[in-house]
2 protein chains.
Amino acid sequence: MSKLLHNYNNAEPQLIAVDCIVFGVEDNQLQLLIFKREVEPLAGEWSLLGSFVKPNEDVSAAAKRVLEELSDLKDIYMEQLHCYGNVDRDSGGRVISIAYWSLIRVNQTHEEFHAENHIAKWVPIDQIPKLVLDHGKMVEDAIEHLRERARFHPVGFELLPEEFTIPQLLKVYEAIFDHKIDDRNFRKKLLKSDLLIQLPKKDKTTSKKGSFLYKFNQETYERLLQSGYNFEF
Amino acid sequence: MSKLLHNYNNAEPQLIAVDCIVFGVEDNQLQLLIFKREVEPLAGEWSLLGSFVKPNEDVSAAAKRVLEELSDLKDIYMEQLHCYGNVDRDSGGRVISIAYWSLIRVNQTHEEFHAENHIAKWVPIDQIPKLVLDHGKMVEDAIEHLRERARFHPVGFELLPEEFTIPQLLKVYEAIFDHKIDDRNFRKKLLKSDLLIQLPKKDKTTSKKGSFLYKFNQETYERLLQSGYNFEF
DNA sequence: TCAAAAGTGTTATTACTACACCCATGT
DNA sequence: ACATGGGTGTAGTAATAACACTTTTGA
């Protein structure tokens, strides 16, 4: 039915790809997952991981497929970033790319990432090498978007295991916003917000005293969403 | 070069469209520009205005083309909203659509909108009729995005002529956020922010006393952007 | 006992909310 | 003179920012 609405007669089909920007936190730093082809051609070139969208596949499903082929992680936080559609963005021909970004809990399981014919590597976001095509621009946009989003949405929690300590969370937010955060004010605001549920156990891996484990309070969050809670610290 | 990176062999081209969500403020209400086909088939169905993306055309250029074909407005505020890519979103076949949203200064010139074979019409956003395909969902998303964006970016000014009064601006923000705003607090915050430059003249079209005309201070805005100025009222 | 990380309170400043009356002018 | 919309100030409350010491415990 929409053929005439859109004037199908003049339409020419084009190649559509997805590219995934994957963030994680390791060594108290915000890191990006990048890939280097091991085999010719393009051996040695760094890029994001992507794929063409199949004719019978939702665009978002293509992005999920790329991530799932990468590791066996489930329930990955993933969002569409932007459609990159300049004619000359891909030197190999006209390819429109829909970029997705995701957050991965690196510390939790420390799984291996394996992409066929690619070496996967985490790099701190201030040490990203030159990437192919417009992937550098995509990453730049994704970082900006992540920071913007983190101001009003609890993305910090997506980068940590389900049970985490306040010092861990603090370091995640320091990594995202790239500045030191006053830890007394951080605690005060968080604890007052009722966004954390304290668990009756401690994590002693990073200190002798040990620090309390918490989990995220989804109900409180949904309440705060309405009122525009500010996650900046 | 990217042919092998992306594995071009398995790739099949697909149809790509753009659809435009156009907002304006009229009668102190946030309004949406929608279109009804006058001729068969699909006569009487309301929709957004869209077009297919040409092979030698940037996606953003396609969106601009759609807007420019609509009226002779220049320098329209336009942003990409989202890529809608579900397989079955278009009942006429697989079409991936990139939605763009824009803000138009309606009051200023009150120009006519003319789309070939379509009747253009402004409708208040709480009275939008059923739209074809997933256009209703696009509009929903665009409204949410506009409100989100308006909290930290001066989108209110995009909906008014270059010279405007504080009462006008207040009404625009009331329309966007859909609630009454205290006018003393609104003025106080705006005037303190240095975002407005007062002009040595008054607009007397709406009152006998007349109210001062202002223009937007771009320099102040760019300074405030860094520090995360909050445009909520 | 000491090193290393966890945890705790107060004060000053700034932003936000609520609220009611006078002003200027054209008719 | 009066009706209409434009303009102004204050006080209470809430959020934010700056800042230094004590606690716990494994080695």
Side-chain angles (χ1 to χ4, degrees), chain A residues 27-28 107 150-152 160 163-175 177 179-215 220 223-233, chain B residues 27-28 107 150-152 160 163-175 177 179-215 220 223-233:
Chain A
D27 301 329
N28 298 336
N107 299 320
R151 297 172 62 185
F152 289 93
L160 288 173
E163 303 185 349
F164 54 85
T165 67
I166 291 184
Q168 279 179 310
L169 187 62
L170 175 79
K171 280 163 192 148
V172 167
Y173 273 100
E174 287 183 333
F177 293 127
H179 63 72
K180 269 253 159 298
I181 297 169
D182 182 294
D183 89 317
R184 276 172 292 184
N185 292 337
F186 183 78
R187 267 167 206 283
K188 203 190 318 170
K189 179 166 173 175
L190 266 175
L191 293 175
K192 191 169 57 163
S193 75
D194 199 32
L195 277 164
L196 300 185
I197 299 169
Q198 195 180 70
L199 303 173
K201 50 186 170 177
K202 289 192 160 199
D203 171 8
K204 296 210 165 191
T205 56
T206 54
S207 81
K208 291 152 185 172
K209 184 178 179 181
S211 72
F212 280 107
L213 284 162
Y214 293 84
K215 61 177 191 175
T220 299
R223 192 158 36 74
L224 290 181
L225 244 194
Q226 311 304 325
S227 58
Y229 189 75
N230 189 335
F231 283 89
E232 265 181 314
F233 298 101
Chain B
D27 301 329
N28 298 337
N107 297 321
R151 298 173 61 185
F152 289 94
L160 287 174
E163 304 186 349
F164 54 86
T165 68
I166 291 185
Q168 278 180 311
L169 186 63
L170 174 81
K171 280 164 194 148
V172 167
Y173 274 100
E174 287 183 334
F177 293 126
H179 63 72
K180 266 253 159 300
I181 297 169
D182 182 294
D183 89 317
R184 274 171 292 184
N185 293 338
F186 183 78
R187 270 167 201 282
K188 204 191 318 170
K189 178 165 174 176
L190 266 176
L191 294 175
K192 190 168 58 163
S193 74
D194 199 33
L195 277 164
L196 299 186
I197 299 170
Q198 195 180 73
L199 303 174
K201 49 186 172 177
K202 291 192 159 200
D203 171 8
K204 297 209 166 191
T205 57
T206 54
S207 80
K208 290 153 187 174
K209 184 178 179 180
S211 71
F212 280 107
L213 284 161
Y214 292 84
K215 60 177 192 176
T220 298
R223 192 159 37 72
L224 290 181
L225 244 194
Q226 312 303 325
S227 58
Y229 188 77
N230 190 333
F231 283 89
E232 265 180 313
F233 299 100

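Lettering follows sequence order; numbering is per chain, from 1. Everything numeric here is computed off the predicted structure, so don't read it as measured data.
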Engineer: Please output the side-chain donor-acceptor pairs of residues 203-211 of chain B that fall under 3.5 Å, not counting sequence neighbours, one pair per line with the distance.
Structural biologist:
from	atom 1	to	atom 2	distance (Å)
B:D203	OD1	B:T205	N	2.8
B:D203	OD1	B:T205	OG1	2.7
B:D203	OD2	B:T205	OG1	3.3
B:S207	OG	B:G210	N	2.9

Engineer: Compare all side-chain heavy atoms of B:N230 with those of A:N230 and state whether any distance is below 4.5 angstrom.
Structural biologist: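 No, too far: nothing below the 4.5 Å cut-off.
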
Engineer: Taking 5' to 3' order, which nucleotide of DNA chain D is first and which is last to have an atom within less than 4.0 Å of a heavy atom in chain B?
Structural biologist: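 The protein-touched segment is D:dG5 to D:dT10.
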
Engineer: Please figure out whether A:K188 or A:S207 has its closest DNA chain D nucleotide nearer the 5' end.
Structural biologist: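 Closest to the 5' end, via its nearest nucleotide, is A:K188.
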
Engineer: Would you tell me if any nitrogen or oxygen in the side chain of B:K189 comes within less than 4.0 Å of OP1 or OP2 on C:dC16?
Structural biologist: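 So the side chain of B:K189 is within the cut-off, an N or O lying under 4.0 Å from OP1 or OP2 of C:dC16.
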
Engineer: Taking atom types as they are modelled, is there a donor-acceptor pair under 3.5 Å from the base of C:dA18 to the side chain of B:N185?
Structural biologist: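 In this structure, the two groups form a donor-acceptor pair.
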
Engineer: Please indicate whether A:K202 has more than 12 foreign heavy atoms, meaning atoms of other residues, nucleotides or ligands, lying under 6.0 Å from its NZ.
Structural biologist: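 Yes, the 6.0 Å shell around NZ holds more than 12 heavy atoms from other groups.
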
Engineer: Can you tell if the side chain of A:H179 reaches within under 4.5 Å of the side chain of A:I181, non-hydrogen atoms only?
Structural biologist: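 Result yes, sub-4.5 Å side-chain heavy-atom pair found.
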
Engineer: Output the rounded distance in Å from CG (A:L191) to C1' (C:dA6).
Structural biologist: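 Those two atoms, CG and C1', are 13 Å apart.
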
Engineer: Fit a plane to each ring of A:F231 and A:Y229, take the angle between them on a 0 to 90° scale, and name the class: parallel (under 30°), tilted (30 to 60°) or perpendicular (over 60°).
Structural biologist: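 Aromatic pair A:F231/A:Y229 classed perpendicular.
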
Engineer: With a 4.0 Å cut-off on heavy atoms, is B:N230 in touch with a base, just the backbone sugar-phosphate, or nothing at all?
Structural biologist: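 No contact.
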
Engineer: Between C:dG26 and B:K204, is there an OP1 or OP2 to side-chain N/O distance shorter than 4.0 Å?
Structural biologist: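 Yes, B:K204 has a side-chain N/O under 4.0 Å of OP1/OP2 on C:dG26.
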
Engineer: Rounded to whole angstroms, how far apart are CZ on A:R184 and C1' on C:dA6?
Structural biologist: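 In whole Å, C:dA6 C1' lies 13 Å from A:R184 CZ.
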
Engineer: Rounded to whole Å, please give me the gap between CZ in B:F186 and P in C:dT17.
Structural biologist: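 To the nearest whole Å, that distance equals 13 Å.
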
Engineer: Whole-Å distance between C:dC23 C1' and B:K208 NZ?
Structural biologist: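 My rounded result for the distance is 14 Å.
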
Engineer: In terms of the nearest nucleotide of DNA chain C, which residue is placed more toward the 5' end: A:F212 or B:F233?
Structural biologist: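 Comparing both residues, the 5'-ward one is A:F212.
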
Engineer: Starting at CG of A:D182 and ending at P of C:dA12, how long is that distance when rounded to a whole Å?
Structural biologist: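 These atoms are roughly 17 Å apart.
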
Engineer: Over how many whole Å does the gap from A:Q198 atom CD to C:dA6 atom C1' extend?
Structural biologist: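 It is 12 Å, rounded to the nearest whole Å.
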
Engineer: Specify the separation, in whole Å, of atom CD of A:Q168 and atom C1' of C:dA6.
Structural biologist: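 Distance, rounded to whole Å: 13 Å.
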
Engineer: In the structure I gave you, are the side-chain heavy atoms of B:F233 and B:L170 within less than 4.5 Å of one another anywhere?
Structural biologist: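 Not touching, per the 4.5 Å side-chain cut-off.
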
Engineer: Whole angstrom is fine here: how far is it from NZ in A:K201 over to C1' in C:dA6?
Structural biologist: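 These atoms are roughly 19 Å apart.
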
Engineer: Under the salt bridge (charged side-chain N to carboxylate O under 4.0 Å, His left out) test, which residues partner B:K180, sequence neighbours left out?
Structural biologist: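 For B:K180, the residues satisfying salt bridge (charged side-chain N to carboxylate O under 4.0 Å, His left out) (neighbours in sequence not counted) are B:E174.
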
Engineer: Looking only at N and O atoms, is any donor in the side chain of B:K209 or the base of C:dA24 less than 3.5 Å from an acceptor on the other one?
Structural biologist: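 Counting by modelled atom types and ignoring angles, no donor-acceptor contact under 3.5 Å is found here.
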
